[in-house]
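Each remark here refers to the structure printed beneath this line.
Convention: sequence-line order gives letters A, B, ...; per-chain numbering from 1.
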Amino acid sequence: MASFDLKDKTAIAGAGSSPFGRKLHRSPIDLAAEAIANALDDAGLGRDQLDGMIVSFGSPLGADVDTIAPLLGLKLRAYSQTWAHGRFTASCIQWASMMVCAGLANAVACLGSWSLSHIRRPKFGGAGDREGAREAGGGHGEDPVFGMTSPGAGAALVARRYFERYGANSRQLASVPVAFRKHAALNPNAIMRAPITVDDHQASRLVCEPLRLLDYCLVNDGAACVIVTTAERARDLRKPPVYISGMQPLPGGAEEFIWSYPGLGVAQQSVFDYDAGVQPVYRMAGVTHKDIDALFTYDAFSILAWIALERFGFCKPGEAAAFTQDGRIELGGELPMNTNGGLLSEGHILGWAHQVEIVRQLRGECGPRQIRGAEVIQWANCYGDSMIYRN
Amino acid sequence: MAQYLKPLPTITPLNQPYWDSLRRHELRMQRCDKCARVWYPPSPLCPRCWSRQFSWTPLSGRGRVSSWVVFHQPYFKGFESEIPYNVAEVELDEGPRLMTNLVGIANHDIRAGMRVEVVYDDVTADLTLARFKPSTS
Ligand SMILES: [Zn+2]
């Protein structure tokens with residue numbers, strides 16, 4: 001085992017966000033500034049005590065760390081940034097944890113900020129699809145030559161593959177956005193709060209078949225931030241620490257396709273029966289599925305929730321379609337998911353608003369949507385990365 | 001030939017032989033001289049054994065539909081008149097999967113696993129695309 005055991009050695013000391021909205025007409029740096037200030041205030045830290053920053057996504061839609069830092073008058077010892085994909089939320093937090101443990105920084109702001117008000121539709125894909133023009137193709141299967149464009153199309157390809165392989169359908173998938181909308185209705189920060197039904201989902205227009213409008217997340221403006229520091233230091237700050245107990249990094253290679261797990265057979269993946277086994281994040285945290293009080297996942301598209309559940313072994317391949325029915329993933333259910341409303345209903349803040357919600361749940365700050373007695377919460381994604389947090 | 005409005009491929013020194021072969025109405029991919037693996041997209045070396053000894057080998061042009069989507073929302077001007085149009089992933093008999101459009105079939109008749117074969121579509125004087133149609137044999 002690692003001699004560098006990070007279990008419970010680091011913590012989230014503060015969490016904050018900007019308002020979320022579809023027409024805020026505020027710049028990404030402005031939104032980032034608000035989220036960072038709120039997170040620092042939440043932790044009881046001054047800006048002079050912030051000496052590290054890791055940003056995900058960045059320009060041109062988001063704000064880059066090398067513009068945020070000087071404009072906010074910060075003095076950083078360490079910074080880093082990932083490229084413009086939503087998959088890096090856990091990675092940023094993991095690297096921040098390693099940085100504070102290694103003494104490279106004392107307090108690291110991890111965040112994402114972006115503003116899409118000014119972008120014309122389609123906001124992703126189409127003529128501006130630089131992703132698809134990448135050497136060897138886009139990260140979500142984009143191949144514009146054949147009209148294959150936008151992250152949602154890659155998710156639709158996975159959904160079709162899943163439907164055909166396991167005999168599932170769009171109506172079953174509706175349970176995911178319906179559940180998350182119920183949660184958003186209890187969240188005053190959420191952008192979409194009006195309840196929806198399975199029939200509303202089925203009546204919503206097809207965007208990239210088999211996915212419908214209500215299978216797609218929101219595209220909006222907003223920023224969210226968490227402050228990572230050592231557990232020892234966090235204990236002396238304003239709020240109770242939210243400990244980082246387990247980490248699982250992003251897997252890559254020939255058997256991976258961003259929205260899928262190995263064996264499903266999308267892109268160049270082999271076809272086999274995927275077995276989640278015991279994923280490393282549970283071993284590191286010393287917990288099992290039974291200990292997980294809530295699961296949060298990157299729900300840019302409804303199908304990603306099914307993939308995440310199966311990837312981490314909450315159910316077997318093909319079983320998430322049934323697993324997500326009957327309120328099981330709703331508040332009060334066996335495994336509440338995305339109690340903030342997720343990207344599907346609260347807003348798309350690149351996965352960072354989910355981290356803020358996890359922190360608030362573990363501190364008991366969530367009011368009408370509080371999970372009673374929440375002690376262990378997991379962030380686990382279709383692409384295989386994860387965090388386990390505890391209070 | 002009318003003006004071609006759809007996106008063009010990003011041709012690099014690595015994938016140039018693929019596009020050149022399509023212009024000759026052949027579907028060629030890299031095949032490892034050491035371990036016989038056939039792969040796509042083009043790579044500088046065999047993803048299985050890392051040999052740089054490979055040959056651009058003609059393929060059967062046959063395979064099966066592994067997944068597909070149908071675009072109902074316009075993204076590209078060049079595809080607007082074809083909405084709803086399909087994009088399929090075809091698994092070639094030699095192993096690799098290719099993104100493509102299925103032709104000669106209605107979108108609602110597309111089925112997972114159906115046998116398809118390549119159609120060479122000369123879309124401009126310089127560009128030929130590998131599209132696929134239901135197999136007749
Ligand atoms: Zn080889």
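- Atoms CE and CZ, from M148(A) and F79(B) in turn, are 11.5 Å apart once rounded to the nearest 0.5 Å.
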- request: Evaluate side chain to side chain contact (heavy atoms under 4.5 Å, CB included) for L8(B) paired with V145(A), printing each intermediate quantity in order.
  value: CA-CA 6 Å; L8(B) 297 170; V145(A) 175; 6.0 Å; no
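- Chosen from G132(A), G147(A), G265(A), A156(A), the residue pairing most often with chain B at heavy-atom distances under 4.5 Å is G147(A).
- A 4.5 Å side-chain heavy-atom check between L206(A) and V70(B) finds every atom pair outside the cut-off.
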Do chain B and chain A have donor-acceptor pairs under 3.5 Å, and which are they?
{"from": "T10(B)", "atom 1": "OG1", "to": "A133(A)", "atom 2": "O", "distance (Å)": "2.9"}
{"from": "Y40(B)", "atom 1": "O", "to": "Q268(A)", "atom 2": "NE2", "distance (Å)": "3.4"}
{"from": "S66(B)", "atom 1": "O", "to": "R161(A)", "atom 2": "NH1", "distance (Å)": "3.2"}
{"from": "S67(B)", "atom 1": "OG", "to": "L157(A)", "atom 2": "O", "distance (Å)": "2.7"}
{"from": "S67(B)", "atom 1": "OG", "to": "R161(A)", "atom 2": "N", "distance (Å)": "3.3"}
{"from": "V70(B)", "atom 1": "N", "to": "E209(A)", "atom 2": "O", "distance (Å)": "3.1"}
{"from": "V70(B)", "atom 1": "O", "to": "E209(A)", "atom 2": "N", "distance (Å)": "2.7"}
{"from": "H72(B)", "atom 1": "N", "to": "V207(A)", "atom 2": "O", "distance (Å)": "2.9"}
{"from": "H72(B)", "atom 1": "NE2", "to": "E209(A)", "atom 2": "OE1", "distance (Å)": "2.7"}
{"from": "Q73(B)", "atom 1": "N", "to": "V207(A)", "atom 2": "O", "distance (Å)": "3.3"}
{"from": "Q73(B)", "atom 1": "OE1", "to": "R205(A)", "atom 2": "NH1", "distance (Å)": "2.9"}
{"from": "Q73(B)", "atom 1": "OE1", "to": "R205(A)", "atom 2": "NH2", "distance (Å)": "3.3"}
{"from": "Y85(B)", "atom 1": "OH", "to": "G147(A)", "atom 2": "O", "distance (Å)": "2.7"}
{"from": "E89(B)", "atom 1": "OE1", "to": "A267(A)", "atom 2": "N", "distance (Å)": "3.1"}
{"from": "E89(B)", "atom 1": "OE2", "to": "A267(A)", "atom 2": "N", "distance (Å)": "3.3"}
{"from": "R97(B)", "atom 1": "N", "to": "Q268(A)", "atom 2": "OE1", "distance (Å)": "3.0"}
{"from": "R97(B)", "atom 1": "O", "to": "Q268(A)", "atom 2": "NE2", "distance (Å)": "2.7"}
{"from": "R97(B)", "atom 1": "NH1", "to": "A267(A)", "atom 2": "O", "distance (Å)": "2.5"}
{"from": "R97(B)", "atom 1": "NH1", "to": "Q269(A)", "atom 2": "O", "distance (Å)": "2.8"}
{"from": "R97(B)", "atom 1": "NH2", "to": "Q269(A)", "atom 2": "O", "distance (Å)": "2.9"}
{"from": "N101(B)", "atom 1": "ND2", "to": "F146(A)", "atom 2": "O", "distance (Å)": "3.0"}

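- In plain terms, the two heavy atoms of P7(B) and P144(A) that are nearest each other are CG-O, 3.4 Å.
- Scanning all heavy atoms of the two residues, the minimum distance from A136(A) to P41(B) falls at O-CG, 4.2 Å.
- Comparing V69(B), I11(B), L127(B) by heavy-atom pairs within less than 4.5 Å of chain A, the highest count is held by V69(B).
- Proximity to chain B (any heavy atom under 4.5 Å) is shown, for A133(A), by both the backbone and the side chain.
- When heavy atoms are compared at a cutoff of 4.5 Å, L14(B) approaches chain A solely by way of its side chain, counted from C-beta outward.
- Residue P47(B) does not touch chain A at all, counting heavy-atom pairs closer than 4.5 Å.
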